[in-house]
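Input: a single structure, listed below in structure tokens.
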Amino acid sequence: MCLLLDISSIKIGNYKRGCLIFFELPPPPGGGEISDALFNYMRGWGIDDKVFSFSVDNAPSNDKALKLLASTMVRNKRLLLEGKLFHIRCYAHILNLIVQDGLTEIREIIKNDRNSVRHINGATSRLEKFAAIVKNIQLPTKMLILDVKTRWNSTYLMLDTAYGLGMDFLFIWRKTIICDLPNKG
């Protein structure tokens, strides 16, 4: 686990970010263990009365940890507004969930593209054949990107590359399949 510190002062534009510590918790870390570790580090550094909010991934153990931590800090009168603004959801994770939901509308296109890229990238002979065909029909040389299913931006890059090749992508893909056919000789 990594604990980052964002410091901003009343002066506009005075903002700093730094990694305070990486620490390991025995797997699987529960909310209580995370909460205890965070509070102990904050208290040890003397910042337990200076923390305004936390932003974490939307995992159940993180939710529980921040509820426990907020209740401890409210009880010790160390939290503004009784912790109402303490837990801030990770906007990047929320954006990823929204985009993943939207991508279900084109899941068949994504599945076909993913399978095509996996097939071409799966053997050196197919990859070489793909590159040769791209060069032969004078398309811009692009590396085929296989996405990571949980990272929408990699899915976008994969689709963008195939779309950039247009209908030629289907032509090239079919030609690379010929590499896999056994020779009848």
Side-chain angles (χ1 to χ4, degrees), residues 1-118 121-122 143-162:
M1 185 168 246
C2 176
L3 185 56
L4 292 172
L5 175 67
D6 290 325
I7 301 172
S8 52
S9 69
I10 295 174
K11 287 183 185 178
I12 295 176
N14 190 3
Y15 174 82
K16 294 180 183 177
R17 168 172 258 190
C19 176
L20 289 178
I21 191 168
F22 281 100
F23 60 94
E24 189 175 348
L25 295 172
E33 292 87 2
I34 296 170
S35 174
D36 290 345
L38 292 174
F39 188 72
N40 289 334
Y41 281 119
M42 289 188 310
R43 190 171 25 176
W45 295 322
I47 61 170
D48 55 318
D49 59 345
K50 295 171 180 64
V51 173
F52 180 72
S53 65
F54 266 90
S55 177
V56 295
D57 282 347
N58 300 333
S61 58
N62 289 339
D63 290 342
K64 183 178 179 185
L66 290 189
K67 278 183 187 175
L68 292 169
L69 186 58
S71 68
T72 300
M73 293 176 77
V74 166
R75 198 171 45 249
N76 295 332
K77 301 197 185 305
R78 299 195 181 273
L79 209 52
L80 294 174
L81 301 172
E82 296 181 355
K84 290 183 177 131
L85 301 175
F86 184 66
H87 184 182
I88 298 174
R89 301 286 174 184
C90 176
Y91 67 89
H93 186 76
I94 292 170
L95 177 62
N96 186 47
L97 293 174
I98 291 168
V99 173
Q100 290 296 340
D101 186 54
L103 288 176
T104 61
E105 296 296 318
I106 59 169
R107 70 178 153 264
E108 286 304 311
I109 294 169
I110 293 170
K111 178 182 169 191
N112 291 338
D113 197 29
R114 187 178 289 136
N115 288 339
S116 299
V117 171
R118 190 177 289 128
N121 286 347
M143 197 170 131
L144 290 177
I145 299 168
L146 183 61
D147 70 331
V148 177
K149 292 179 185 181
T150 58
R151 303 279 187 231
W152 67 268
N153 55 333
S154 70
T155 303
Y156 166 78
L157 292 171
M158 179 184 71
L159 293 172
D160 186 55
T161 301

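The figures that follow rest on heavy atoms only: side chains count, while hydrogens, waters and symmetry mates do not. Residue indices begin at 1 and follow the sequence shown.
In this structure, the separation between CG on Leu68 and CD1 on Ile34 is 10.0 Å, given to the nearest 0.5 Å. Leu103 contributes atom CG, which lies 12.0 Å from atom CD1 of Ile98 (distance to the nearest 0.5 angstrom). Leu146 CG to Asp113 CG: the interatomic distance, rounded to the nearest 0.5 Å, is 9.0 Å.
Leu95 places a side-chain heavy atom less than 4.5 Å from the side chain of Trp152. Counting heavy atoms from C-beta on, the side chains of Leu159 and Ile110 come closer than 4.5 Å. Within the 4.5 Å cutoff, the side chain of Phe54 has no heavy atoms near those of the Asn62 side chain. Counting heavy atoms from C-beta outward, Asp101 and Leu97 have side chains that stay 4.5 Å or more apart. Thr161 places a side-chain heavy atom less than 4.5 Å from the side chain of Leu144. For the pair Ile47 and Tyr41, the minimum side-chain heavy-atom distance is 4.5 Å or more.
Heavy-atom minimum distance, Val148 versus Ser154: N-OG, 2.8 Å. Listed here is the closest heavy atom pair of Ser61 and Gly30: CB-C, 4.3 Å. Pairing each heavy atom of Ala37 with each of Leu25, the nearest pair is CB-CD2, 4.1 Å. Minimum heavy-atom separation, Met42 to Met73: CE-SD, 3.8 Å.
Every side-chain hydrogen bond (donor to acceptor under 3.5 Å, both in side chains) that Asn40 has, sequence neighbours left out, goes to Arg43. Qualifying side chain to side chain contact (heavy atoms under 4.5 Å, CB included) partners for Tyr156, counting only residues two or more places apart in sequence or in other chains: Asp160. Partners of Phe39 under the ring pair (Phe, Tyr, Trp, His ring centres under 6.0 Å) rule, at least two apart in sequence or in another chain, do not exist in this structure.
In this structure, Ser35 contributes its side chain and Leu69 its backbone to a donor-acceptor pair below 3.5 Å. A donor-acceptor contact shorter than 3.5 Å links the side chain of Arg107 to the backbone of Thr104.
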